[in-house]
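The next block holds one structure in the form of structure tokens; read it before the comments.
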Amino acid sequence: MIDFELTKNDQKILDEVRSRALVCRKYARYYDENEHEFPPDELEEAKGQPEIFSMLGERTERDTSFGALSMLILAGQTWGDYSVRMRRAKGGLGNAALQAAGTPEQTEKWGDRTLAMAITEPGCGSDPSMVQCTAVLDGDEWVINGEKIFVTTGCRCDGVVVWATIDKSAGRAGIKSFLIEKETPGFVVTGKEKKLGIRADDTATFVFTDCRIPRGNLLGGKEEVPTKSSGGFKGVLKTFNMTRPAVAVIGLGMAEAAIDFTRDALQESGFEISYGGRLGTLPAVVEKFQKLEANCEAALLTILRAAWLSDEGEPNNTESSVCKAKAGLAVREITQGCIEILGPMGISREHLLEKWFRDTRITDIYEGTGEIQRMIIARALLGYTRKELN
Ligand SMILES: Cc1cc2nc3c(=O)[nH]c(=O)nc-3n(C[C@H](O)[C@H](O)[C@H](O)COP(=O)(O)OP(=O)(O)OC[C@H]3O[C@@H](n4cnc5c(N)ncnc54)[C@H](O)[C@@H]3O)c2cc1C
């Protein structure tokens, strides 16, 4: 049975996450306005605090699923501030790929480094099977050539999981992912993006020119010769089953911040936010606000379900797309709805609401846009192949 009821200890941990995250808000505006500056590795206020995950202790069957709790922790952190959290946190999207597909040896070696994930190229975004970056085996080394754009955490990461083809003629089956350390000769960070939102989060361009890496850096270690029917591509796609719920919940944390800010403002203006009353008895603005809250809760449940399935070792590819599609849209509706409710207060740079509105926009873009998620869901529900519905 699925049960997302929190134990007292889990709730205590989440309260601690939020209280730490609140500190990040002090820095949020500064790093939004100074796009390419890095916050300190450790904020003054956070010195000496134990790492959150070390507070979890042994999980028992009665505890919340670890995957679901990790999602709630992530939401709690971005509720404080996305950019400051991301800039300071250990780990990136590549770490989720490592978790999904890495061998035990790779996990041991790379697990505590911050890894970005580089799929997108100038001519390849929504359809990752169009990857042009190449990996050619030469003796005991892979030689990587190509360009990757829009790499999140691209500047401050220690390494990156790069998608490249080992055989263009094999199409999707030829695509593999590779672990590449920063500072490897032939690997250059050539640029940083300037963005609408998540402006303090570094988004970089990479160029690989005859970049040689050890043979063992093929993620997952499977070197079979690709054929059109081999399942190699499915292996790399497994990554998304971990990263899509994470991306969804990162956005939702910011939407929750917008909701809390709006609730406080409404209450300060004298509105009572009550539940369970008769239909049609609430002020219109309160009813509108409660619809935003319900949207947020619904999105959260889809995320927790995807994470719970992953914890149970069950397939969750459709659910990962469901939660990403739902949250991607919900966070836009919620932050925009909060701005509509609060009017000038919503767009003033005196407050963070306008920033949350800008920052959440990315949720529906990276790790596959909303349109792509809806197509994946439709294929799964209606039984279409990729060829039949694309
Ligand atoms: C801030 C930021 C951070 C990012 N971080 C990363 C990262 O860390 N790693 C990484 O690899 N990439 C990253 N990306 C890239 C991101 O994943 C891509 O931008 C995204 O997948 C879309 O690809 P594209 O930009 O090439 O758009 P396109 O694929 O050209 O799509 C353009 C538009 O057409 C729509 N569309 C495309 N195909 C279809 C279809 N078949 N049916 C209906 N609509 C369709 C899309 O939904 C989109 O709206 C990041 C992007 C941004 C902006």
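For reference, positions follow the sequence shown, starting with 1. All ligand and atom numbering here is 1-based and tracks the order in the structure.
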- Message: Within the supplied structure, the quantity of interest is the number of heavy atoms (other residues, nucleotides, ligands) at a distance under 6.0 Å from E350 CD; does it exceed 12?
- Response: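 At most 12 heavy atoms, drawn from other residues, nucleotides or ligands, come within 6.0 Å of this atom.
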
- Set of side-chain hydrogen bond (donor to acceptor under 3.5 Å, both in side chains) partners for R349, sequence neighbours left out: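 Expected list: E33.
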
- Task: Taking atom types as modelled, find out whether D81 and Y27 have a side-chain donor-acceptor pair closer than 3.5 angstrom.
- Result: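 No - no donor-acceptor pair under 3.5 Å links their side chains.
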
- Query: Any luck finding a side-chain donor-acceptor pair between Y82 and Q77 under 3.5 Å?
  - Reply: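 No, no side-chain donor-acceptor pair sits under 3.5 Å.
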
For [X] and ligand 1, does the shortest N/O to N/O distance drop below 3.5 Å?
{"X": "C124", "result": "no"}
{"X": "Y366", "result": "no"}
{"X": "D127", "result": "no"}

- With sequence neighbours left out, which residue pairs that include part of residues 282-298 fulfil the side-chain hydrogen bond (donor to acceptor under 3.5 Å, both in side chains) condition?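 Counting only pairs at least two positions apart or across chains, the side-chain hydrogen bond (donor to acceptor under 3.5 Å, both in side chains) contacts touching residues 282-298 are R263-E293, Y275-E293, K288-E340, N295-K326, N295-E333.
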
Tell me: protein heavy atom nearest [atom], and distance?
{"atom": "atom 20 (C) of ligand 1", "value": "I365 O, 3.7 Å"}
{"atom": "atom 4 (C) of ligand 1", "value": "F150 O, 3.2 Å"}
{"atom": "atom 49 (O) of ligand 1", "value": "E371 OE1, 3.7 Å"}
{"atom": "atom 31 (O) of ligand 1", "value": "S126 OG, 3.6 Å"}
{"atom": "atom 52 (C) of ligand 1", "value": "I362 CD1, 3.5 Å"}
{"atom": "atom 11 (O) of ligand 1", "value": "I119 N, 2.7 Å"}
{"atom": "atom 24 (P) of ligand 1", "value": "G125 CA, 3.9 Å"}
{"atom": "atom 3 (C) of ligand 1", "value": "T152 OG1, 3.3 Å"}

Within the structure, does at least one protein heavy atom fall under 4.0 Å of [atom]?
{"atom": "atom 14 (N) of ligand 1", "value": "yes"}
{"atom": "atom 7 (C) of ligand 1", "value": "yes"}
{"atom": "atom 33 (C) of ligand 1", "value": "no"}

- Message: Minimum distance, heavy atoms only, to atom 48 (C) of ligand 1: which one of L93, V162, I372, T369 is it?
- Response: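 The residue whose heavy atom sits nearest atom 48 (C) of ligand 1 is T369.
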
- Message: Looking at D167 and K176, is any side-chain nitrogen of the basic one under 4.0 Å from a carboxylate oxygen of the acidic one?
- Response: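 Judged by the 4.0 Å cut-off on N to carboxylate O distance, K176 and D167 do not form a salt bridge.
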
- Task: Salt-bridge test for D127 and R386: reply yes if a basic N is under 4.0 Å from a carboxylate O, no otherwise.
- Result: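 Salt bridge: yes.
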
- Task: Nearest 0.5 Å please: distance from the CD atom of E181 over to the SG atom of C211.
- Result: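 Going from CD on E181 over to SG on C211, the span is 10.5 Å.
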
- Query: Can you tell me how far CZ of R379 sits from NZ of K387, rounded to the nearest 0.5 angstrom?
  - Reply: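 One gets 12.5 Å once the value is rounded to the nearest 0.5 Å.
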
- If you draw the axis of the six-membered ring of W356, does the NZ or CZ of R361 fall within 45° of it and under 6.0 Å from the ring centre?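 No, R361 and W356 do not form such a contact.
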
Where on [X] is there a heavy atom closer than 4.0 Å to ligand 1, on the side chain, on the backbone, on both, or on neither?
{"X": "M117", "result": "backbone"}
{"X": "T120", "result": "both"}
{"X": "N390", "result": "backbone"}

- Apply salt bridge (Lys or Arg N to Asp or Glu O under 4.0 Å) to K192 and D202, showing your working. CA-CA 7 Å; K192 294 176 203 165; D202 48 313; over 6 Å; no

- Task: Measure the shortest side-chain to side-chain distance between E141 and R215 over non-hydrogen atoms and say whether it is less than 4.5 angstrom.
- Result: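 Side chain of E141 against side chain of R215, heavy atoms only: no contact under 4.5 Å found.
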
- Message: I'd like to know whether ligand 1 has A116 as a neighbour, heavy-atom separation below 4.0 Å.
- Response: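 In this structure, A116 fails to qualify as a contact of ligand 1 - no heavy atom is under 4.0 Å.
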
Taking 4.0 angstrom as the limit and counting only heavy atoms of [X], give me the atoms of ligand 1 inside it, by number and element.
{"X": "E367", "result": "17 (O)"}
{"X": "K195", "result": "1 (C)"}
{"X": "M375", "result": "41 (N)"}

- Message: The test is salt bridge (Lys or Arg N to Asp or Glu O under 4.0 Å); show your working for D32 and R358 and say whether it passes.
- Response: CA-CA 11 Å; D32 180 53; R358 288 185 285 115; 2.8 Å; yes

